[in-house]
Amino acid sequence: MKKNLVFSVVLLLAGCVHGFAQKEKIVIETQNAAIVFSVKGDGKLYQTYFGEKLMGADAYAQLSEEGKESYIPAGTNNLFEPAIRMVHADGNPSLELKYESSKTDKQGDVSHTSIVLKDNKYPVTVVLHFESYFKENTFKEWTEITQNEKKEVQLTRYASSMLHFSANDYWLTQFHGDWAAEMRIQESKLTNGIKTIDTKLGTRADMYATPTFFLALNKQSDETSGEVIAGTLAWTGNFQFTFDVDEKNDLRVISGINPFASEYSLKSGEVFTTPAFIFTYSHNGKGEASRSLHAWARNYGVLDGNGSRLTLLNNWESTQFDFDEKKLSGLFADTKKLGVDMFLLDDGWFANKYPRNDDHAGLGDWQENKAKLPNGLGHLVKDAESKGVKFGIWIEPEMVNPKSELYEKHPDWILKLPNRDEDYFRNQLVLDLTNPVVKEFVYNMVDDMMTKNPGIAYIKWDCNRMMTNTYSPYLKNKQSHVYIEYVRSLYSILERLRQKYPTLPIMLCSGGGGRTDYGALKYFTEFWPSDNTNAVDRVFIQWGYSYFFPANTIANHITSWGKQSLKYRTDVAMMGRLGYDIDVEKMSPDEFTFSQDAVKNYKRLSDVIWHGNLYKLVSPYDESRAVLMFSNDAKTKAVVFAYNLNFLYGKRWEAVKLQGLDPAKKYTIKETNLYPGHNSSVPENGKTFTGDYLMKVGINPSSDRELTSTVIEITEAP
Ligand code: DGJ
């Protein structure tokens, strides 16, 4: 398409204003959206536009010069929430940031613009970085802060991004929850003053609040209409989103690391780089915004985002800590019979002096437990391979039980307050990753395990507690750096591991959805969204996550939680990366046959689920059912999932209009994943329709019984 050839960043120069040599306009564009900055007569940078892309570069020159200062510092004339606050070495608590220069580089789909701002009295530089992903309609923004004063300065606020909006109303959609109740959707109208979404949990930071939001302008948006921004912070620690509506009803949205208890002493010459705020704009509702983020994530945000994923059988729900080589050998055989790719050995395989037989002991002692695994992990890898399946393993390398040899040997390797009792969560404490020796220990633990057992095909990296009584013995008088340095250290461990093991699939897990962010997903192939695998709860949890994360990153396991049929649980798990965590031996013959077929069906459909475009057709928040579909880019293949929650007697489901098909193509409708002995009750089953018909009239995928589900395969007809 010709449009793609247009440079996505345009610099326009206009005439002199108020004695300034030139007035500069910086336009950052994607396929559909644009952000425009102007330098005004006072030498400061202003955001003068953020919205739908305008046709022709000339149009941007016509935009009003009225705007809001782009990255507002505290201490001078700012009256609302600032983006940055610095206390200089001489105690002066102010900044005044003037535009200095900007430049843009373009490499294929991605343009990078850096805008340099400088204080005119103090040697402080702030560089605003923007990456725009043209095809994916996504922006990434982060900031670099440097100072060259003689001594340290104190940074007490350091946003990744400040964006301004001017609309009649603002509707915020946030995603809240708790363990096993992740990603509940709440939508509210912003009122004057500040609304903050944040976390102070350090590790497992997203347990109560996920670093994601939608902001709709003027009116509430739905899947297909409304002006909406989707945003997320790529940071695996404390985050903060601030929505500040002023007296004129203008809104500033500030995103970044939570400055709570995190005053940062910036040394002379040091560069403070904030995490990236990733966002997209759509004037066609949340569905398009999600698809943009998914495309960005697959192409740039997630490790091996366009690759395939391993289906698996996990043993956590069926055995917990109670297993030995013999039992595992049986499970390898079950894995093969079921037809999935890999067996994943969960918690409980390690520690000898304090064996890991429950969650009270052993964390930190990463030697195979001799009673359970006398022949070590190497034997398990070989045994699994001999049965024709891969072998994956659970670890929780950032943690320690007080009942462990690690704790006995290195009490100073642990985050804990002096003069206070230790504060446990799941009977464990967090290791002090800010300490380079501990960092080395964690890296070596994973590296040694992989070096000794190169056949390990997958890792589940868990993190089962947040930080409390947070204090680093290593950081001494720099305690306000601990939340930041912890995450930086974690990233440097992961970076090193990824250099050595660039393609190894690793699941990001944190007692369920305690870690779900694009800061980490750069190093991980998928995440565990929740320990709650009750399929009805899961419909809501997966619905929430799937707004921001593509299906191949969302690991869904079929377990014994919930009373729904195995078919229902399977159909629900299929909308992401399918796995099992269930006692296969307890399945009835029909259940087992169904599951074997389901795995085959999933393998046939997984390409469109993992790499296709997601359309949410009926929300479980609107009706007592959820209907969604994926279609591939070529519009030759699609799959519809329909999950009934309840069904009120006498009620009638309306037909569901499909999306993402080619109106001119013909498609055959086929219900798949049917339970043995059951026939399809979908009226359109077996028939052929045009895409036009399917998108204007629709299909009837839902039965009139509660807790039933359908999977419908849609294939272009010859
Ligand atoms: C929490 C995870 O979410 C579970 O899946 C399981 O791995 C346990 N930890 C093991 O301790």
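No hydrogens, no waters, no symmetry mates; every other heavy atom, side chains included, goes into these values. Since this is a predicted model, take the numbers as computed values, not measurements. Ligands are counted one by one from 1 in listed order, and the atoms in each one are counted from 1 as well.
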Would you say the side chain of Y424 lies within less than 4.5 Å of the side chain of L429, judging by non-hydrogen atoms? yes

Residue pairs passing the ring-ring contact (aromatic ring centres under 6.0 Å, His included) test where at least one lies in residues 490-519, sequence neighbours excluded: W235-Y491, W296-Y518, Y491-Y523, Y518-F549

Residues two or more places apart in sequence or in another chain: which of them pass ring pair (Phe, Tyr, Trp, His ring centres under 6.0 Å) with F260? none

Protein neighbours of ligand 1 with a heavy atom under 4.0 Å, given by chain and number, are W316, D346, D347, W394, R426, K460, D462, N464, C509, G511, G512, W528, D531

How many angstroms lie between CG in N427 and CG in L363, if you round to the nearest 0.5 Å? 9.5 Å

Go through the structure and list residues passing side-chain contact (heavy atoms from CB on, under 4.5 Å) with P355, not counting sequence neighbours. N357, N369

Angle between ring planes, W349 versus W366, binned at 30° and 60°: parallel, tilted or perpendicular? tilted

